[in-house]
A.B. asks: 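Here it is, the structure, as structure tokens.
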Amino acid sequence: MQFALIGRGTCAFRLNSPGWFRATPALIAALPDRKGLRLLCRDRIEKIVPAFSAEARRWITLYLDQVEAVAGKAIDPSSNLTDPSDCFFAALLPLPACLVGKLRGGAGNLQIETALDIVRFDLVFWDGCTLVAILFGAENTTTPGKRAAIAALERALAPRLRVRRIENNEDSVSLAAQLAAEIRQVPAPHYGPYRFPELQEPLPMEEES
């Protein structure tokens, strides 16, 4: 199980953030090019989605497809960003089946505020300012107890928490495009790199088809 503490000044969680991605040097060495690294990244994300979360898996695929499309158009020929991977790995990292709660107390003595304020969301994104928490299905598909917990958490974390519901295909496409487009707002120093500890030398650029 992995967990993260988010506070004032916590950087956005992106595909190039450390800690969530692990690969052996042999696996990295076997990748043909940078596109292979992107495909490996996508595979790792899909594998951490719970087996029963088919909607989350389909949405993540849609989101990463949108990221690929935006990354291909966001290349800056006048800079060193000349490959889609430079932009792809700057995209926000989706966190599936995520428990969100408020902590109280000082360093070394952190505790969950109350059990009511712990909510499981289907997906979560942290953009460095706002926690975007996603639920699939209409509000009436959520139990009254969970709706009360969400309302309590929204009050506790306002204005840092934004709950989004995906009820239909239009909602799904719109939110995926919105979050993927966030790449364009990333300042140049954080646009890349996409280096993992196992990747000692840059992979070759993919050939244009």
Side-chain angles (χ1 to χ4, degrees), residues 1-6 10 12-24 27 36-70 88-89 91-103 112-127 130-157 160-183 196:
M1 176 181 293
Q2 292 181 312
F3 68 93
L5 298 178
I6 298 175
T10 302
F13 296 159
R14 301 188 182 279
L15 297 180
N16 59 15
S17 295
W20 76 272
F21 187 103
R22 290 288 184 269
T24 65
L27 181 58
L37 186 60
R38 299 201 303 274
L39 292 174
L40 178 62
C41 172
R42 294 182 62 138
D43 179 68
R44 290 300 170 86
I45 292 175
E46 291 172 357
K47 284 183 177 178
I48 62 176
V49 179
F52 54 83
S53 301
E55 288 179 307
R57 184 174 288 102
R58 285 193 296 269
W59 190 88
I60 285 175
T61 298
L62 172 65
Y63 166 70
L64 292 175
D65 287 345
Q66 294 273 10
V67 169
E68 289 273 10
V70 173
F88 176 88
F89 283 96
L92 294 172
L93 172 68
L95 304 172
C98 195
L99 293 174
V100 178
K102 183 182 179 182
L103 296 176
I112 292 291
E113 188 77 11
T114 68
L116 181 64
D117 292 332
I118 304 173
V119 179
R120 180 188 181 281
F121 291 96
D122 296 314
L123 286 165
V124 166
F125 289 84
W126 170 248
D127 66 5
T130 304
L131 199 66
V132 180
I134 299 173
L135 290 168
F136 293 99
E139 186 172 359
N140 60 12
T141 63
T142 304
T143 64
K146 185 168 182 176
R147 289 201 298 269
I150 292 171
L153 193 62
E154 287 180 304
R155 291 192 297 271
L157 299 181
R160 298 297 188 187
L161 175 65
R162 182 159 55 99
V163 178
R164 297 290 301 270
R165 286 189 175 272
I166 295 179
E167 300 184 26
N168 51 51
N169 186 63
E170 184 178 349
D171 292 344
S172 183
V173 173
S174 174
L175 184 56
Q178 176 186 332
L179 290 171
E182 193 268 351
I183 297 175
F196 303 106

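Small disclaimer: the values here were computed from a predicted structure and weren't measured.
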A.B. asks: Show your working on salt bridge (Lys or Arg N to Asp or Glu O under 4.0 Å) between Arg165 and Glu139 and close with a plain yes or no.
C.D. replies: CA-CA 8 Å; Arg165 286 189 175 272; Glu139 186 172 359; 5.0 Å; no

A.B. asks: Which distance, rounded to the nearest 0.5 Å, do you find between the CZ of Arg162 and the CG of Leu157?
C.D. replies: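 Here the rounded value is 14.0 Å.
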
A.B. asks: Do Ser53 side-chain atoms and Ala56 backbone N/O form a donor-acceptor pair below 3.5 Å?
C.D. replies: no

A.B. asks: Does a donor on one side chain sit under 3.5 Å from an acceptor on the other, for Arg42 and Thr61?
C.D. replies: no

A.B. asks: Between Trp126 and Val132, does a side chain to side chain contact (heavy atoms under 4.5 Å, CB included) hold up when you go through it step by step?
C.D. replies: CA-CA 6 Å; Trp126 170 248; Val132 180; over 6 Å; no

A.B. asks: Less than 4.5 Å apart, side chain to side chain, heavy atoms only: is that true for Phe125 and Leu95?
C.D. replies: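 No, side chains not in contact.
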
A.B. asks: Would you compute the distance between atom CD of Glu167 and atom CG of Leu135 and round it to the nearest 0.5 angstrom?
C.D. replies: 10.5 Å

A.B. asks: With rounding to the nearest 0.5 angstrom, report the CD1 to CG distance, Ile45 to Leu93.
C.D. replies: 5.5 Å

A.B. asks: I'd like to know whether the aromatic ring centres of Phe21 and Phe89 sit less than 6.0 Å apart in this structure.
C.D. replies: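 They do not qualify: ring centres at least 6.0 Å apart.
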
A.B. asks: If every non-hydrogen atom of Tyr63 is compared with every non-hydrogen atom of Pro94, which pair is closest and at what distance?
C.D. replies: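 Nearest pair, atom of Tyr63 first, then Pro94: CE2-CD, 4.1 Å.
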
A.B. asks: To the nearest 0.5 Å, tell me how far Ile166 CD1 sits from Phe136 CZ.
C.D. replies: 4.5 Å

A.B. asks: Taking the basic N atoms (NZ, or NE/NH1/NH2) and the acidic carboxylate oxygens, is any pair closer than 4.0 Å for Arg164 and Asp122?
C.D. replies: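 Salt bridge between Arg164 and Asp122, a charged N being under 4.0 Å from a carboxylate O: no.
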
A.B. asks: Looking at every heavy atom in both Ser17 and Ala12, which two are closest together, and how far apart are they?
C.D. replies: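 The answer is OG-O, 3.6 Å.
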
A.B. asks: Side chain to side chain contact (heavy atoms under 4.5 Å, CB included) for Arg58 and Leu62? Distances and angles first, verdict last.
C.D. replies: CA-CA 6 Å; Arg58 285 193 296 269; Leu62 172 65; over 6 Å; no

A.B. asks: Do Ile134 and Leu175 have side chains that approach each other closer than 4.5 Å (heavy atoms only, starting at C-beta)?
C.D. replies: yes

A.B. asks: Looking at every non-hydrogen atom in both residues, tell me the closest pair between Val67 and Ala91 and how far apart they are.
C.D. replies: CG1-CB, 3.6 Å

A.B. asks: Does the pair Gln66 and Leu179 meet the rule for a side chain to side chain contact (heavy atoms under 4.5 Å, CB included), with working shown?
C.D. replies: CA-CA 9 Å; Gln66 294 273 10; Leu179 290 171; over 6 Å; no

A.B. asks: Where the side chain of Asp43 meets the backbone of Leu39, is there a donor-acceptor pair that is under 3.5 Å apart?
C.D. replies: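 Side chain of Asp43 to backbone of Leu39: no pair is present.
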
A.B. asks: Counting distance only, does the side-chain N/O of Arg147 pair as donor-acceptor with the main-chain N or O of Thr142 below 3.5 Å?
C.D. replies: yes

A.B. asks: With the side chain counted from C-beta on, respond yes when Phe121 and Pro96 share a heavy-atom pair under 4.5 Å apart, and no when they do not.
C.D. replies: no

A.B. asks: Just do the side chain to side chain contact (heavy atoms under 4.5 Å, CB included) check on Arg155 and Leu161 with the steps written out, would you?
C.D. replies: CA-CA 9 Å; Arg155 291 192 297 271; Leu161 175 65; over 6 Å; no

A.B. asks: Looking at Ser174 and Asp171, would you say the former's side chain and the latter's main chain have a donor-acceptor pair under 3.5 Å?
C.D. replies: no

A.B. asks: Quick one, Arg14 with Glu182, criterion salt bridge (Lys or Arg N to Asp or Glu O under 4.0 Å). Give me CA distance, side-chain angles, the key distance, then yes/no.
C.D. replies: CA-CA 11 Å; Arg14 301 188 182 279; Glu182 193 268 351; 2.9 Å; yes

A.B. asks: Does Leu123 reach the side chain of Cys98, with side-chain heavy atoms less than 4.5 Å apart?
C.D. replies: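 The answer is no, as the side chains (C-beta and beyond) never meet within the 4.5 Å cut-off.
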
A.B. asks: Can you give me the closest heavy-atom contact between Ala180 and Val70, atom names plus distance?
C.D. replies: O-CG1, 3.9 Å

A.B. asks: Within the distance-only criterion (no hydrogens, no angle test), does the side chain of Ser172 pair as donor or acceptor with the backbone N or O of Asn169 below 3.5 angstrom?
C.D. replies: no

A.B. asks: Salt bridge or not between Glu46 and Arg57? Use side-chain N to carboxylate O under 4.0 Å.
C.D. replies: no

A.B. asks: Should Leu92 and Phe13 count as side-chain neighbours, where that means a heavy-atom distance under 4.5 Å?
C.D. replies: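 Not touching, per the 4.5 Å side-chain cut-off.
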
A.B. asks: Is the shortest heavy-atom distance from the side chain of Ile118 to the side chain of Val100 under 4.5 Å?
C.D. replies: no

